[in-house]
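These numbers come from a predicted model, not from an experiment. Throughout, a chain's letter reflects where its sequence line sits, starting with A, and its residues are numbered from 1.
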Amino acid sequence: MSKLVIIDGNSIAYRAFFALPLLSNSSGLHTNAVYGFTTMLLKLLDEQKPTHFLVAFDAGKATFRHKDYADYKGGRAKTPPELSEQFPLLRELITAFGISQFELDGYEADDIIGTLTRVADEKGDIEVVVVTGDKDMLQLASEQVTIALTRKGISEVELYDPPYIMEKYGLTPKQIIDLKGLMGDTSDNIPGIPGVGEKTALKLLHEYESVEGVLANTDQLKGKMKEKIVEHADDARMSKGLATIYREVPLTSTWDDLTYSGYEGQALADMFRKLEFKSLLEKMDFSGPDSPDGDRPAQAEIATVAVDRERLPDLLEALPQVDALHVEVVGDNPHTGYVLGIALAASGTCYYVPFEVLSDASADAEALRTWIASSDKTLAVYDQHRAEVALCWQGIRLCGTSFDVLLAAYLLDPTESALTLNGLSTKYGLPVLKADEDVFGKGAKFQVPAAEVVCDHLCRKVTAVQSLLEPMKRDLETGEMHRLFYELELPLASVLASMEEKGIKVDVDGLKQYGVELAGQLDTIMRSIYDAAGMEFNINSPKQLGDLLFEKLQLPVIKKTKTGYSTDAEVLEKLEPYHPVVGHILNYRTLAKLQSTYVEGLLKEVREDTGKVHTYFKQTIAATGRLSSQYPNLQNIPIRLEEGRKIRKVFVPSQPGWSILTADYSQIELRVLAHISQDERLMEAFRNDMDIHTKTAMDVFGVPESDVDANMRRQAKAVNFGIVYGISDYGLSQNLNITRKEAAAFIEQYFAVFQGVRQYMDDIVKKARQDGYVTTLLHRRRYLPEITASNFNLRSFAERTAMNTPIQGSAADIIKLAMVQMDERLKRDGFNSRMLLQVHDELVFEVPEDEIEPMKKAVKDIMETALELDVPLRADVDTGSNWYEAK
DNA sequence: TTTTTCACG
DNA sequence: ACGTACGTGAAAAAG
């Protein structure tokens, strides 16, 4: 059976335009309506799988309806220019999708659609879906024709067939015309009968079936309504006529003209590139079933060799020509995942080596592994860090990679969310690649396909890596980030891999014991809560908790979330005086968090074989250049509150007699700020090694050191935090629990004293507006397209980011430098000590007894001299028998 | 999958 | 009048 999808082009374009914020691409062209339309098309192709497809447009001239009624569609606001300019793009887009489109002078899209659905009704054996935002179209519904009406924006449609229309309105599709005849339509300037709205019209139609039926039975009506109907009988008849869709348009095209046979991936990708639909470019599979294979670019010519034991010698011979490698790791966590296989690209030929072959005991396989581990080769990869980690658990070393396209892509745009290989291929105009998800499936549906499919996919991937090398190298140089790449990020990838491989030992028994302790305390608190509340409920559920606090106990609502009442700690603290249960809940929350995340969560991550946790540092996530940590996250282990801090006691050295050594930068962000802003007072404070918060309090309040009390220091500290984050009076007022006015006065006072800082803040925002990006000390870059937004919130956010990123990002640069240098020093000086963790401004090591003193010295020295600033850097070092003791 | 909450720097 | 402090990851509930 054929299936025809018809889109009411103007209607959907309008919907999309008003539903989405006014996006625009880099040349200032608005694209929101085109974007919305695109998502709609993709959804329809996916869900409806049409065999025939048409987009119908209104011809922009007077239609026959205007001859009958001059005011038709009068009073309608003119199409905004921001939308008009998108129609040519829209036409192009539809062509790129391979979808037919037309319009006809003197007719509206409605009439074209009405005619086509009539033809379909008569022809039979065709299913039709009409997509529109216009309820009038419901009159076209039939056994074969379904109307898809957009609901809230354009993200969802509601399907109307005759039974559903009957259920919802109690009307047949034909009666929709009568409905409009009675009630009119302001948007089309159709009068109807004044005073008759939807409710009255429906009642009348249920009784008398049609406009004619109502007019013939006016004697049965009474009151004001009767008067109005009698008076406006002609209006009703005319309105019905206007609302009737004309279904006899002289169409010249044939059924076959509407045939839809899929889009051509490259053309569509080109169109998306032009429109700068980055997310779609990365998400979409342009080689998918909609794209005929014949149109694939030249990549199909590349020779692939599935390497088995017999063919290994051929590969070994080709190794000198190999310049790209891809290691396919299955699973999110490379420490627990497995290696499916590797692909190598030489000149003109790609080799796929399944893991069984790579790990074989033969001399040939051994030779291949030796080559992978050799450092004297040049090799491009995608995600060296991940590959190195996954291979190390298989006893295979990966060395000598000279380029990593993932790391390069991250430096070129660290805010890009999914830096997938197929996304990069698309961005650089390379042949289309399948998304991993489409090859393997995702989540529970993950399945390794046939070997030939894997071979083909991985060979395409490694070819992409090979082709990305040169253009990305150039882009790094253009951005002056080649040193950042080659001297910092690339070496760091291997440093991280070796830190993770070593892992950190966990005292499992101690952790379990703490869990038991917590369980006891939680049980007690839970009872007090049930007792105080007078009922049992799930304390972990914000919804149930909200019901208790704000419905049952009638406590004042402080803050709402988009789904209900907020019950976060800030709210609960304000509610504490009202009811004893609140304090218990706060207490419960603290301990429950420790139990679930830090006791149970951590235990799940301890490896049976090593008794250690091996976190995975991600190097390409944070927009500022920081690292992040997963499986488990070891960068958010509690420290602020004593109960939580105890967790740190279970992180212990992996060998008896060794110690944990920690080293953390003192005020690195404010020191960076002092350097970048060249603020005299701030630089002076650090040169004299003063307590920066006390010093700030002295200068802001204008008092000598002896007069700075704890409260003044606390406020000054909050201001310093605010400065680093990109200050706003609102943010500071929230933090200090003061009014916005007071906060603003504080900030003003601060800037009056630290004038260099004010100058920096002003300049950096200006610079961001000018260049479209900001940079760190080592040229790391972050683009801020929203810095010119007209939306206040978006713009303000971008401005704060412009102030914060150079500070946070430069601090990240510095500690990363220290890590690479430290790794070299450990090797050079033959230390047995091991670097284990990085927590943004802190490094954690385990050291043998006899290395404590030299390591203290070495770590401090390297961290303090990693990068020379105009103010000194300071690192504080300590050791202890576990992470808790080393503070 | 999304939302809420909370842990860290 | 607008309504945010910057950057992350994990757990639990609820859709």
Select one nucleotide: of C:dG7, C:dT4, B:dC6, the one nearest the side-chain heavy atoms of A:Asp568.
->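 Output: B:dC6.
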Out of C:dA10, C:dA12, C:dA14, whichever nucleotide has its closest atom nearest the side chain of A:Asn540 | C:dA12
Do A:Asp691 and A:Thr694 have side-chain N/O donor and acceptor atoms under 3.5 Å apart?
-> yes
Without hydrogens or angle criteria, can the side chains of A:Thr567 and A:Arg589 be said to hold a donor-acceptor pair below 3.5 Å?
-> yes
If one requires at least 3 consecutive Watson-Crick or G-U pairs with distances under 3.5 Å, the stems of DNA chain C turn out to be B:1-9 with C:6-14
Over all strands shown, is [X] touching base, sugar-phosphate only, or nothing at heavy-atom distances under 4.0 angstrom?
X	answer
A:Arg740	base
A:Leu627	nothing
A:Tyr631	sugar-phosphate

Please report the C-alpha distance between A:Arg758 and A:Asp762 in whole Å, then the side-chain angles of each, then the deciding distance to 0.1 Å, and finally whether the salt bridge (Lys or Arg N to Asp or Glu O under 4.0 Å) criterion is met.
-> CA-CA 6 Å; A:Arg758 183 201 302 249; A:Asp762 291 348; 5.6 Å; no
In whole Å, what separates the P atom of B:dT3 from that of C:dT4?
->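 B:dT3 and C:dT4 have their P atoms separated by 15 Å.
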No-H, no-angle donor-acceptor pair, [X] side chain to [N] base, under 3.5 Å:
X	N	value
A:Arg640	B:dG9	yes
A:Gln635	B:dC8	no
A:Arg800	C:dT4	yes

When you measure from the side-chain N and O atoms of [X] to the phosphate of [N], is any distance below 4.0 Å, counting only OP1 and OP2?
X	N	result
A:Ser629	C:dT8	no
A:Asn538	C:dA13	yes
A:Thr597	B:dA7	no
A:Thr563	B:dT4	yes

Those residues that, when tested against A:Ile862, pass side-chain contact (heavy atoms from CB on, under 4.5 Å) (two or more places apart) =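 Once residues adjacent in sequence are excluded, the partners of A:Ile862 under the side-chain contact (heavy atoms from CB on, under 4.5 Å) criterion are A:Ala818, A:Gln821, A:Met822, A:Arg825.
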Quick check: are there more than 12 heavy atoms from other residues, nucleotides or ligands sitting under 6.0 Å from NZ of A:Lys552?
-> yes
Rounded to whole angstrom units, what separation is found between the CD1 atom of A:Ile787 and the P atom of C:dC6?
->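 So the two atoms are 13 Å apart, to the nearest Å.
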